[in-house]
Each structure stands twice: as structure tokens, then as C-alpha cells.
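A short worksheet on the structure shown next.
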Amino acid sequence: MANFAVKMKTTKNLLLAAAAIAWSAAAQVQAQTPAPCGPVPSENQLRWQDMEMYAFIHYSMNTYTDEEWGFGNEDLALFNPSDLDCRQWARVCKQAGMKGIIFTAKHHCGFCMWPSAYTDYSVKNTPWKNGKGDVVRELADACREEGLKFAVYLSPWDRNHAEYGRPEYVTYFRNQLRELLTQYGEIFEVWFDGANGGDGWYGGANETRRIDGRTYYGWAETFRMIRELQPKAVIWNDGGDRGDLRWVGTEAGNVGETNWSLMPGKGDTPWHMLHYGVETGDVWCPGETNTSIRPGWFYHETENNHVKSLSKLMDTYYKSVGRNSTLLLNFPVAPNGRIHPNDSLRGIAFKKMIDEVFKENLAMSTATSSRGEKGESCFILDIKEGASCNRFVAEEDIRYGQRVKKFSLEALVDGQWLPLKDELAEQGDGLTTIGHRRIVCFPTVKATKLRFTVTDTRAASRQGQNGMGNAPAGHEQAGTEEGCEPVIKKLGVYLAPELTADIPDSGEKKSSSLHIFFSSPRQMMIDWDKEQTITSFRYLPPQDSKEGTITHYTLWASSDWSKWTKLATGEFSNIVNNPIWQTIRFQPVKARILKLDADRLWTGGEPHTINHKGSNRMGYGDIEVVTEQ
């Protein structure tokens, strides 16, 4: 009789999971509401996660100095765009599938893109519109005209302000934040960069100032102000207090294939927590994947032929939205005040390809059953007759928490069940965690059925268990005695067309499988999907200009973004007169990230050591990483 009771309880849970499969509006109605399992998202977090893709817009004084980080003393006369059109930005982002825009209202240089009452270092003292312009206002209005949500980025670090590093600056910072939160309508997200402190102009001091990013800004008070002024906004923060969202530990455009939307509420945050989340975390803090459509965050003419390919953007989509994250994709604005055609055309093609891949769900019907000693949840999907497939989509109803730890996929081909693996996984077959959405990319098969089996779920957690202590308000922890059974919201099977060609004249380079971006104007980061044994590195200098050519370098390697090994340091001899491929050889090393420091650049005369103001930035024609075969 006891065994019968256990079997009945298991059957009840399976039926509950089956009832949540969203094939139609009627199928979403559940006869019984499951108890939450661990922390659950707030309404703000649910609304944010449903956006899935939204845009970053980087535009500031850096656009006119060809820099990634301004020093804080740039001439205000530089800001005078000839054709600034925020409605063009909004139209491009909307056509690219973005649901909103986060704008860099103030970057590290301290220049304000709105006429702030608290500083002279803003658009109000530039030639643009005779000082009467307000870029934040124009973009906020354009977003609402196009049906997009609007948000702001406000850099905590300010290399211009004389009081940075002292208590007076925190008051200034909050005053500026209050302006942004009260003058431009509803804000869906507030974004604070993690770069805090270093060298700067600081009102003429020209010095380095260090702060403790966890304590200096008084984040708890700042968060209270945001919640009061913009109660529907989520907070992204890389500082001391835990915000509503987290960075995923890289700007390469991917999050871990295992990705929990849970984090510890307090304590340090090592890289693995950012990238994979923490299964036993006591707060709901999902990952936001931020990356740029170009190597740099700001516009640089030398990168016009380095816009990400369509295949790379789709890879980014699968590894962000398809791994329980959102995608924050940056579109830099060119000096004329518009998004460059290369970027806009690629973004629009990206949206069209997503629509093409997911236009038809090939799963015709579902059934559930229990199999195995542990009574795993099993869903069998009938595939449209004669159809091939290569994409699988699963969604949990995260209103009740994130539950699934592992699952398996099998295709019925010629009467045999064949296992399917995730082609994009970095570890094993990668069939771990689902969350808001999980997309599995597998080799194209012609199957009659597909079997999705949840093989492991989180254990029920209650207040005080797992050493996590009490959960904060709004992040309830609860569970049922029998554990956290899956609550599946949607299942789907799709066929992605083969990417046989990219947009003409895309400038796609040989090393398109690598993700290249700049952490500063003289530091290039190269990231790829998984750790490999690398044997050499190749650098091609710019071919249309000598400007920015690296003459002296240091090359580093890492597998975790925290521990770096120096691979080589030296000189590219005669590279200015003979701008050909340069090869750096070293002992084979396992790594998944390389960091190239430009110790010296050529700028029209003799190679020079770069000064702290950094008037030049490194350039390149192409990059190659040679791996052990």
C-alpha cells in the first residue's frame, strides 16, 4: 500500500507538469498551483526576463576621441554631431528585435548626455543645438514612439569630477541619478558599471584615486532611492550589494550552459558564480548577457569591417537567451549621430533569422509517462510527418522557482531511440538547467518522435536549510516534502536553416569563431567557447592605415578570467614597414581567453610608450589563435 501511495503521488506530480505545457492558452491553466521551490522572481524580474533581447547604446565624448574610456578632460567643443537622430536608433533596434534600449547617459569620462544641473561637463555647454539639446530626452521620446522600453546607464566612476573618491561625490552621483529617474518617464532598468576608480583628470588633479566599490557608494541607500522613484525598474549592479540582475562574468556574449538564476544574497562573487549561478543561492538574481555587435563598445571607424557575422549573432542568441539569460546587445553610434549601416543591416538580419528558425513548432502532440526506478518526468513529442529538426526548446514556469537540474533528449529514428547532445555545450552534452528558456542545438535528424526526460531536479529547500539563512522579502523559500518536481511551461521542436551565406560585404574575418573585444583602448580580449590547447597567436596589423599598429606587446592566457599566465612579451620587428602576419609562439598551454596588451603603438613617428592619457588605440586587421590538432 505504501508503494502504491508513492506511485500515486508521482503520477500526480507528472500530471501537474503536463498540465503546464503551453501548446495553447487553455493548456496553460493549471488545476492546482504548485508550491514555490526555493527563491522565486519578483514581478519586475518576470517582466524583465520576458523582454529577452534589448539594446545597449554607447555614445559619448569617446565617439569623437576614438577611445573606449575617456580621461575626463575632453574638449566640450568636440561634441557637435551633424545628424543626430535618436528615432533612427530606436527604429534600428526595434527592427533588430530589441524590446528596449539602455543608454549610456554618463560614461567614465563624466560627460553627461543630458543638461544636468549639477555639472558644467554636459551637452548644455557644447556647440550641439547651441547647448539646448538633451540626448536622453530625445531617445526616451523616440523609444516610446516606437513602443520600446527605456533605461539608463550611469557610470559610478567619474574621471572628470574633482570630488570623486570623497563623500561629496556620492551626493553628486545620487543627485544625477535622481534627475534621470524623475525627468524621463518610466525606466525598466538601471545599469551601474563595475569600473570604479583609477586615473583621471578629476578637475585638474591628474591623479589616481582608489575606492572600495562595496562601501563607497552606499548602494543600500542608492537602491532605496531607485525603488522609491522607479518601483518597476530592475537594478543591474556589479558592486557591493546584490542587485536584481547579475553580470555573467564575460562580455563575449555567453553564459554557462548550466545557469541558475540563484545567487547567495551576501559575500564575494567569484567568476564561477557569475557565469553559472548557484543552485543553493538564497536570492533570485538572473544573469544578463551583455556584448557588442562590434569588438568595441563605442564606435571606431577601423571596426566597420568587424561587425559580428550573422552566424556569430545566432551563436550568441543560443548561448544567452537560450541559456536562461537575456541578451543586451550593443549598437554604437557613429560620429554623425546615427547607427552605422553595417550594424543596422546585421541587426535586422539577426531578427529575421530568429523568426525564421522559430516560425513553426514541429511538435504535434505530447504525452507523459513515468519510467525508471526514480520515476523521472518524461515527455514524448510527436514530430510533424516527414519533418527534420535540429532545435529543441524547453521553458519552466519560473513563477514557482527554477527546478530542473538535468535532462536528456532522444530522437526516435527508424524505430530506435538515439541520444541527442547539445552541439554548443562546453562540458559534456550540456543538458543541465532550463529556467526561463533553454535551447538545445543538435545535428539535424529526421525523427518521428522526440523524448524529453527530466532526470534530476533540485531538492526542496526550506527557510534556514543549506546554510543560506532567511530569504529576503519577495524571495520566498518553500518546497514540498517530495521535492521540486518540474513545472514545464512550454516544449517545442524546430528546424534552423543552414547559414550558407552572410550579408554581402560583411567584412567577416578568418577568425570569426573567436570573440574579440576591447577592455580598454590598448587591451584586446579574445574569448572562445571552450578551453583548448593553444600553441601560437597571430596578429595582422591594420592594412589600410599604419595608425594603431602594435609594435611592442605582452600576451596573457587564462581559463577563468581571474588567474593569468604571461605567455610572451616582445616586439613585432619592422611591422610598420612590412605590415604582414606576425606570429607569437610559446609552449602549448590550455586556455579559453587571451589578453593582448599593446605596450607600444606606432602613431606617425617612432613607436612610443603609451602615456596614461592614452591618446591612441590599438588597431588590427585580423587575429588568429592556433590550437593543437
Side-chain angles (χ1 to χ4, degrees), residues 40-58 86 89-90 93 98-107 112-119 122 134-158 169-194 217-247 261 263 265 283-288 290 326 328 472-475:
V40 297
S42 67
E43 288 299 317
N44 286 352
Q45 289 169 320
L46 284 170
R47 191 165 48 247
W48 162 85
Q49 188 103 50
D50 283 340
M51 291 178 68
E52 294 189 351
M53 296 199 305
Y54 41 98
F56 237 162
I57 294 285
H58 274 65
C86 289
W89 309 356
C93 291
M98 306 294 119
K99 300 296 178 58
I101 293 176
I102 301 178
F103 181 55
T104 52
K106 183 187 81 170
H107 204 253
C112 297
M113 302 295 283
W114 78 101
S116 174
Y118 298 97
T119 181
S122 80
D134 183 342
V135 185
V136 178
R137 169 71 60 204
E138 292 192 16
L139 183 54
D141 291 346
C143 283
R144 291 180 178 104
E145 287 178 14
E146 293 294 332
L148 300 175
K149 295 184 178 182
F150 180 66
V152 291
Y153 163 122
L154 183 69
S155 171
W157 186 21
D158 191 318
Y169 173 77
V170 178
T171 301
Y172 168 79
F173 175 65
R174 288 180 183 157
N175 283 337
Q176 288 195 320
L177 181 59
R178 184 177 292 273
E179 286 181 318
L180 293 172
L181 299 183
T182 58
Q183 297 178 14
Y184 299 98
E186 186 173 294
I187 303 294
F188 80 85
E189 182 172 340
V190 182
W191 215 94
F192 297 121
D193 198 287
Y217 299 104
W219 288 119
E221 180 59 33
T222 302
F223 285 8
R224 278 194 291 271
M225 184 178 76
I226 296 171
R227 308 251 188 243
E228 174 189 347
L229 299 177
Q230 290 286 343
K232 293 185 177 181
V234 288
I235 302 171
W236 188 102
N237 187 38
D238 198 27
D241 286 28
R242 187 79 66 215
D244 299 309
L245 317 173
R246 74 177 196 271
W247 184 45
S261 294
M263 292 287 284
V283 298
W284 188 273
C285 189
E288 176 188 79
N290 63 316
T326 59
L328 174 56
H475 295 83

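- Nearest heavy-atom pair, R174 versus G218, reported as atom, atom and distance to 0.1 Å: NH2-O, 2.8 Å.
- Qualifying side-chain contact (heavy atoms from CB on, under 4.5 Å) partners for A55, counting only residues two or more places apart in sequence or in other chains: C93, M98, I101, F331.
- Counting heavy atoms from C-beta outward, F150 and I102 have side chains that stay 4.5 Å or more apart.
- Taking a cutoff of 4.0 Å between a charged side-chain nitrogen and a carboxylate oxygen, D193 and K106 do not qualify as a salt bridge.
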I'd like to know whether T119 forms a side chain to side chain contact (heavy atoms under 4.5 Å, CB included) with Y172, so could you lay out the CA-CA distance, the side-chain angles of the two residues, the decisive distance to 0.1 Å, and finally the verdict. CA-CA 9 Å; T119 181; Y172 168 79; 3.3 Å; yes
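- Remark: the N290 side chain and the W247 side chain contain an N/O donor-acceptor pair separated by less than 3.5 Å.
- Separating the CD atom in E43 from the CD atom in Q45 is a distance of 10.0 Å, to the nearest 0.5 Å.
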K99 vs M53, side chain to side chain contact (heavy atoms under 4.5 Å, CB included): CA-CA, chis, key distance, verdict: CA-CA 6 Å; K99 300 296 178 58; M53 296 199 305; 5.7 Å; no
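- Centroid-to-centroid, the aromatic rings of Y153 and W236 stay 6.0 Å apart or farther.
- The CG atom of D50 sits 11.0 Å away from the OG1 atom of T326 when rounded to the nearest 0.5 Å.
- The two residues G185 and Q230 make their nearest non-hydrogen contact at O-NE2, 3.0 Å.
- The shortest heavy-atom contact between G287 and W48 is O-CH2, 3.7 Å.
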Would you sort out whether E189 and E288 count as a side chain to side chain contact (heavy atoms under 4.5 Å, CB included), showing the intermediate values? CA-CA 11 Å; E189 182 172 340; E288 176 188 79; 2.7 Å; yes
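- Counting only distance, with no hydrogens or angles, the side chain of D244 and the backbone of I235 share a donor-acceptor pair below 3.5 Å.
- Here CD1 of I187 is found 13.0 Å from NZ of K232. Values are rounded to the nearest 0.5 Å.
- Side-chain atoms of V190 and L154, non-hydrogen and from C-beta on, never get closer than 4.5 Å to each other.
- Looking at Q49 and P286, their side chains come closer than 4.5 Å, going by heavy atoms from C-beta outward.
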Let me see the working for H107 and M113 under side chain to side chain contact (heavy atoms under 4.5 Å, CB included), right down to the final yes or no. CA-CA 9 Å; H107 204 253; M113 302 295 283; over 6 Å; no
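- Going from atom CG of L139 over to atom CZ of R144 covers 9.5 Å, rounded to the nearest 0.5 Å.
- Closest approach of R242 and C285 over heavy atoms only: CD-SG, 3.7 Å.
- If you take CD on Q176 and OG on S122, they are separated by 9.0 Å, rounding to the nearest 0.5 Å.
- The backbone N or O of I57 sits less than 3.5 Å from a side-chain atom of T104, completing a donor-acceptor pair.
- If you look at Y54 and F188, their ring centroids are closer than 6.0 Å.
- Taking OG1 from T222 and CE from M225, the interatomic distance works out to 6.0 Å, rounded to the nearest 0.5 Å.
- Taking the six-membered ring for Trp, F173 and F192 have ring centres closer than 6.0 Å.
- For the 3.5 Å distance criterion, the side chains of N44 and R47 qualify, holding a donor opposite an acceptor.
- In this structure, S155 and W157 approach most closely via the heavy-atom pair OG-O, 2.7 Å.
- Side-chain contact between F103 and V136 is present, with at least one heavy-atom pair separated by less than 4.5 Å.
- Y217 and V170 make their closest contact through O-CG1, 3.6 Å (heavy atoms, listed as atom of the first residue, atom of the second, distance).
- W114 has its ring centre no less than 6.0 Å from the ring centre of Y184.
- In this model, a donor atom of one side chain and an acceptor atom of the other lie less than 3.5 Å apart for S116 and E179.
- You'll find the side chain of L245 stays beyond 4.5 Å of the side chain of W191, heavy atoms only.
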